[in-house]
There are 2 protein chains.
Amino acid sequence: MSDREESDLPNPVLVWERPEPERRPAPVPLSRDRIVNAAIELADAEGLSAVSLRKVAGLLGSGPMRLYGYIDTKEELLDLMVDAVYAEMIAEGPLDGGWQDALRTMAHRTRGVVHRHAWLTVLLSGRPHQGPNAMIHREASLAALSGQPGFADIAVALQALKTVNAYVVGALQDEASERHAIQASGMTDEEWQLATYPYLQRMLATGRFPNIARIVEEVDHPSHAEEFERGLQIILDGIAARMNR
Amino acid sequence: MSDREESDLPNPVLVWERPEPERRPAPVPLSRDRIVNAAIELADAEGLSAVSLRKVAGLLGSGPMRLYGYIDTKEELLDLMVDAVYAEMIAEGPLDGGWQDALRTMAHRTRGVVHRHAWLTVLLSGRPHQGPNAMIHREASLAALSGQPGFADIAVALQALKTVNAYVVGALQDEASERHAIQASGMTDEEWQLATYPYLQRMLATGRFPNIARIVEEVDHPSHAEEFERGLQIILDGIAARMNR
DNA sequence: GATCTTGAAAATACAGCGTATCTGTATAAT
DNA sequence: ATTATACAGATACGCTGTATTTTCAAGATC
């Protein structure tokens, strides 16, 4: 910062005294893969807001503008990040078992990657999943259903898939929103509980929220995992009911 | 812009020649409500990315820093925007009818506000809903269920509510992601269809996506509304199945 | 081998962002 | 009438995505 002050002047010293610029080192080799991996690394470590073209490029040892040889806009980088995660899910292997097992496995795999990459919840909204890995994933999901009894009609399989996916995405966002609020505040879980408790108590004390109050008092909350599983089972029951009609 | 050029010089003319600045006009009255409404107006008209403190303040005729008297960070403004939408939903009146009707009404109301305020899908991820209006909404939803047969246990009502909500949020994101991609490209629906069609065809031509191909060929896609409704019915069936056990 | 050409990387520049800090003034308190 | 306070506005900083300009390494040509 302050050691650049001298060079702010157009010509700080005589030419002879200034060092030549060191020869440009061979530029580090780049690829979409390397770029996307660097971006994911950043997002995992410091959140999606830490992903800037400057930082990604910096991590790779290049200038930010070089990335524009591989992507047209930052949006496209985010698209590539999402597709890379689909690749992760594919790599977890085939979906076997009955249709319920297949759908359950899919759901839990999605939950897994979202936990590994918390930034996904933000990107899943407002972004179509038409990348090659997303398509492979979708094909595999459909394939796991379309052979099964009751799913002869591919439309039924698609319907089931979309419904489960919608639930999974929504449920994960619910989980994430809580986690996010806590983390963003920079507090530990207990500190946050303690900080928001008075507000909740004051609201409940008004008597205008008897049902919420009952929940706070009576219900002992299951873990996120269990809650996720219960909701999922409801969906599967619904699909099963639909089939016997 | 360019009419300020002269005043870029430190002292354009002698003091005597310059007119006095007009007395400061009384600052326009501000409130969280006015601020939030301005922000929502902007978001509705030009998307969430158009919501900057500078623009919101500009719309209200004040400097950006004045907003910090009402909010601590921009994040808080977004929180207030979300809670304002919950107020909209509350204003639509009570939820009556059986539990299925109540849940269906809730779902469709949510779908309605998301259509009116497309930016909501982005904000729903990563933000807890603990504002006063969110709580009123939640209380009303629980109340609509907790009296019904089969929902004597409030935990069951909560479970049902959360599952439906998860589905609704996920399904709406699915809808939104498509719409968003099209709009972001600045094309009309048909142009976009035409622009992405070759890619899809090339992928399908590889033969690696037989199930997706079947869908493209065989299935005639229902409207978003119908698809939403079908998925919703699956959830409701699942909840019903759970109750008779 | 010296010169010229060319493609690509880096540097710079710009407009916009959230927000910290500084400055001036309209009003409240004395 | 004077001083104190609070608050609106101006300014500033470091960051962003990206357009434009500059610089240089390597290949082509003579």
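If you're wondering where the values come from, they're calculated on a predicted model, not measured in any experiment. Side-chain atoms are counted along with the backbone in the values below, which use heavy atoms only and exclude waters and symmetry mates. Order of the sequence lines fixes the chain letters, A, B, ..., with proteins taken first and strands second; residue numbering starts at 1 for each chain.
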Salt bridge present between B:R127 and B:E75 (N-O < 4.0 angstrom): yes
Salt bridge (Lys or Arg N to Asp or Glu O under 4.0 Å) contacts in which one or both residues fall within residues 196-207 of chain A, not counting sequence neighbours: none
Interatomic distance where CG belongs to A:L67 and P belongs to C:dA10 [whole Å]: 10 Å
Close approaches to DNA chain C from residues 34-44 of chain A, in residue order (heavy atom, under 4.0 Å): none
A:R116: salt bridge (Lys or Arg N to Asp or Glu O under 4.0 Å) partners, not counting sequence neighbours: A:E88, A:E92
Hey, can you pull the donor-acceptor pairs under 3.5 Å for the side chains in residues 56-69 of chain A, sequence neighbours left out?
| from | atom 1 | to | atom 2 | distance (Å) |
| --- | --- | --- | --- | --- |
| A:R66 | NH1 | A:V28 | O | 2.9 |
| A:R66 | NH2 | A:V28 | O | 2.9 |

Between A:Q193 and A:Y197, a side-chain donor and acceptor under 3.5 Å: no
Heavy atoms from other residues, nucleotides or ligands near CZ of A:R109 exceed 12 (cutoff 6.0 Å): yes
Ion pair check, A:E227 and B:K162, cut-off under 4.0 Å: yes
Could you list all N or O pairs between the protein and nucleotides 15-19 of chain C that sit under 3.5 Å apart?
| from | atom 1 | to | atom 2 | distance (Å) |
| --- | --- | --- | --- | --- |
| C:dC17 | OP1 | B:S52 | OG | 2.9 |
| C:dG18 | OP1 | B:L53 | N | 3.4 |
| C:dG18 | OP1 | B:K74 | NZ | 3.0 |
| C:dG18 | OP2 | B:L53 | N | 3.0 |
| C:dG18 | N7 | B:R54 | NH1 | 2.5 |
| C:dG18 | O6 | B:R54 | NH2 | 2.9 |
| C:dT19 | OP2 | B:Y68 | OH | 2.7 |
| C:dT19 | OP2 | B:K74 | N | 3.0 |
| C:dT19 | O5' | B:Y68 | OH | 3.0 |
| C:dT19 | O4 | B:R54 | NH2 | 3.2 |

B:E226: partners by salt bridge (Lys or Arg N to Asp or Glu O under 4.0 Å), with sequence neighbours left out: B:R230
Separation of atom CG in A:L60 from atom P in C:dA10, rounded to whole Å: 11 Å
